[in-house]
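Since the structure comes first, as structure tokens, the remarks are kept for the end.
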Amino acid sequence: MVFKRPAKKQTEADLQSYASTVAQILLNIGIDPQQAAMPVQQGYGWNFKRGSAMVEIYIAVHEGVGYLQVLSPLIELPQANLLPLYRRLLETNLQITAAALGIHNDVVYVFHERPLEGLDSQEASNIINMIGAYADDLDDKLVQEFGGRLYGRI
Amino acid sequence: MPFRTLQLGIDAIQAGSAHEGARLIRIALKHDELPADMKAIALMWLAETEANPTGKRNYYTQAVAADPNNADARARLMRLMSPGSVTAPAQQAAATAQPAAPQAGRSINLAEHVASVVGGARGAGSGFFVSQDGLIATTRRVAGAKERLTVDLHDGRQLIGLVVRAYPELDLTLIQIDAAPPFLMPIVPEPRVADEAALYAFHYTGEAVRGSQRPTRRVLAVHWIPTTIKQLKDEGGGPLIDERGMLAGMITKNTSQTSEYYYALSIQAIRACVENYQAALASGTRRSYCPACGASSIAGGQGYFYCETCGGTLPAAMHISRYPIPQAAVLYETSTTRCTKCASAAGIYQSKCLRCGQGQY
């Protein structure tokens, strides 16, 4: 969101339409959208398990523009060995396509965000599957190599 | 105390204040606790401030007397003792592979000192010998993050070159090959190349690009030599020779943000890096080369997986199963201060923990 461009303002009706698209996608991949729904301050949110990873989906408005955010918390940072881990995250960041790795509050996330405008169900489905697959692949590898623990696991 | 004064003196000379630098170095030399090797270095710097050849020779004689093992002082003294070597008009270096340069009575075949370095990420570059035991200097741009390169010598020999150390901040890579030059090229005695002095950047084929030192108002680190050279026949790394046939530095393809002129790395900086590498080697600590950052990794020498300087996975650990090793963790900690919130020793930056991001109050 570095470059601000004029974009169509999202209405509540628009958000609902995109939310129903996401709900349909979740149904298609065997997730009950009612059960997966999360209470969020604004917009819509869902979370579900994908292998060992937790995938979170948000539809939210920021500065008048609606966004689809798909993210997955991977691991809680270990106490030591942070330098090699940070380096690996940056190297992996360059290798993965259409997703980014980042850290927020001691937790490593894989993340994708795009404006809702022009989003179709096929693309949304691809994004959700892609983030889920990255998360499922990366979390175990990172814990095995650098320590720490899987997000939300003991 | 004398070390600090000596350092201030050297800094002053490098900044162009020869008189002030000489004064400070003389003060440092009055202290008895200055070790002999440092005394020799101080005397050599004093010699650099002396225009009179007799005075210069006196300083070098004293330097050799203080530290007989200082080969550089001996070599400089020998050059000065050689009849006519300083006062004779400088012989113009020819832009060919064999510029005959006066050096203690023998001519230099430059081709014997320059090599072609092939196999890097950006194509072929040049390199040149910087030690008698086969160390070759080239640019990091030429070598990239490779561990092995092919080095072609002028006599047709094609050798495997092992990259042993790199200094990315200086765009310098040191390559070890199993060959030695007949002798090392004489290096410029002055700590800085004079303004508008003619310089020749040599390519491994023997061709040279003529240029000169480019005066600039920009504040530059002393190890960079601004040149008027804008085009090279390869990716750089060749020796930069002055009109006396003396080695002034290594041409690189680094430019400033506002001009296309290339900068060279001074031979003094290259020598300091070579000495740094050789000292690490002589210390006996086992190390391994990290191609990601160019460091000599102690962690690698101890069989750990990651470089302690950059965190990159070391070549020996690249294709094996890796796991956390508690004994190695201390190598990757940047601070002895622990975060008050998460207890990590990752380090504190701008009052925030580098691990958890929480403020330290």
Side-chain angles (χ1 to χ4, degrees), chain A residues 1-2 51-54 56 69 71-97 99-111 113 134-154, chain B residues 145 168 288 290-295 297-300 302-349 352-360:
Chain A
M1 285 189 286
V2 175
S52 57
M54 172 74 72
E56 297 175 5
Q69 295 173 331
L71 57 97
S72 176
L74 303 180
I75 65 167
E76 309 258 5
L77 283 178
Q79 281 287 322
N81 279 335
L82 287 181
L83 177 66
L85 171 60
Y86 288 168
R87 172 128 193 157
R88 175 61 52 80
L89 293 178
L90 283 174
E91 288 172 349
T92 309
N93 219 17
L94 201 64
Q95 290 164 4
I96 60 178
T97 308
L101 289 166
I103 292 173
H104 180 65
N105 289 345
D106 299 19
V107 177
V108 179
Y109 287 86
V110 60
F111 177 81
E113 181 182 56
Y134 278 143
D136 193 26
D137 181 42
L138 284 171
D139 58 358
D140 292 317
K141 283 184 182 169
L142 291 174
V143 167
Q144 192 181 356
E145 186 170 349
F146 299 102
R149 62 186 176 91
L150 289 174
Y151 178 76
R153 306 279 188 84
I154 295 171
Chain B
S288 73
C290 171
C293 69
S297 169
I298 294 174
Q302 295 181 3
Y304 300 142
F305 305 139
Y306 314 104
C307 170
E308 70 274 21
T309 304
C310 70
T313 308
L314 291 161
M318 200 65 86
H319 302 294
I320 60 172
S321 174
R322 298 180 295 271
Y323 46 86
I325 302 176
Q327 300 93 307
V330 68
L331 287 168
Y332 309 112
E333 289 176 354
T334 56
S335 168
T336 51
T337 312
R338 290 191 175 273
C339 171
T340 53
K341 306 292 191 323
C342 75
S344 164
I348 309 293
Y349 179 69
K352 286 186 178 168
C353 171
L354 288 176
R355 177 185 175 274
C356 69
Q358 297 193 73
Q360 309 293 298

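Any value given below was found using the heavy atoms of this structure, including those in side chains, with hydrogens, waters and symmetry copies removed. A note on names: the letters A, B, ... follow the listed sequences, proteins ahead of strands, and every chain is numbered from 1. Being a predicted model, the structure only gives us computed values, none of them experimental.
Only the backbone of B:I325 comes within less than 4.5 Å of a heavy atom of chain A; no side-chain atom from C-beta onward does.
Judged by distance alone, with hydrogens and angles left aside, the side-chain atoms of B:E308 form no donor-acceptor pair with the main-chain N or O of B:A328 at under 3.5 Å. Under the 3.5 Å distance criterion, the side-chain polar atoms of A:S72 are matched with a main-chain donor or acceptor of A:M54.
When the heavy atoms of residues 99-109 of chain A are compared with those of chain B, the residues falling under 4.5 Å are A:D106, listed by number.
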Mind listing the side-chain donor-acceptor pairs of residues 309-316 of chain B below 3.5 Å, one per line with the distance, residues two or more places apart or on another chain?
from: B:T313; atom 1: OG1; to: A:R88; atom 2: NH2; distance (Å): 2.7

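Between chain A and the residues B:P326, B:A329, B:A343, B:C356, the most heavy-atom pairs under 4.5 angstrom are made by B:C356. Here B:C342 is the residue among B:C339, B:C342, B:G357, B:C353 with the most heavy-atom pairs under 4.5 Å with chain A.
Screening residues 314-325 of chain B for side-chain hydrogen bond (donor to acceptor under 3.5 Å, both in side chains) gives A:E145-B:R322 as the qualifying pairs, with residues at least two apart or on separate chains.
With ring centers used as reference points, B:Y306 lies under 6.0 Å from A:F146.
A:L77 places a side-chain heavy atom less than 4.5 Å from the side chain of A:Y86.
With sequence neighbours excluded, the residues satisfying side-chain hydrogen bond (donor to acceptor under 3.5 Å, both in side chains) with B:Q360 are B:T340.
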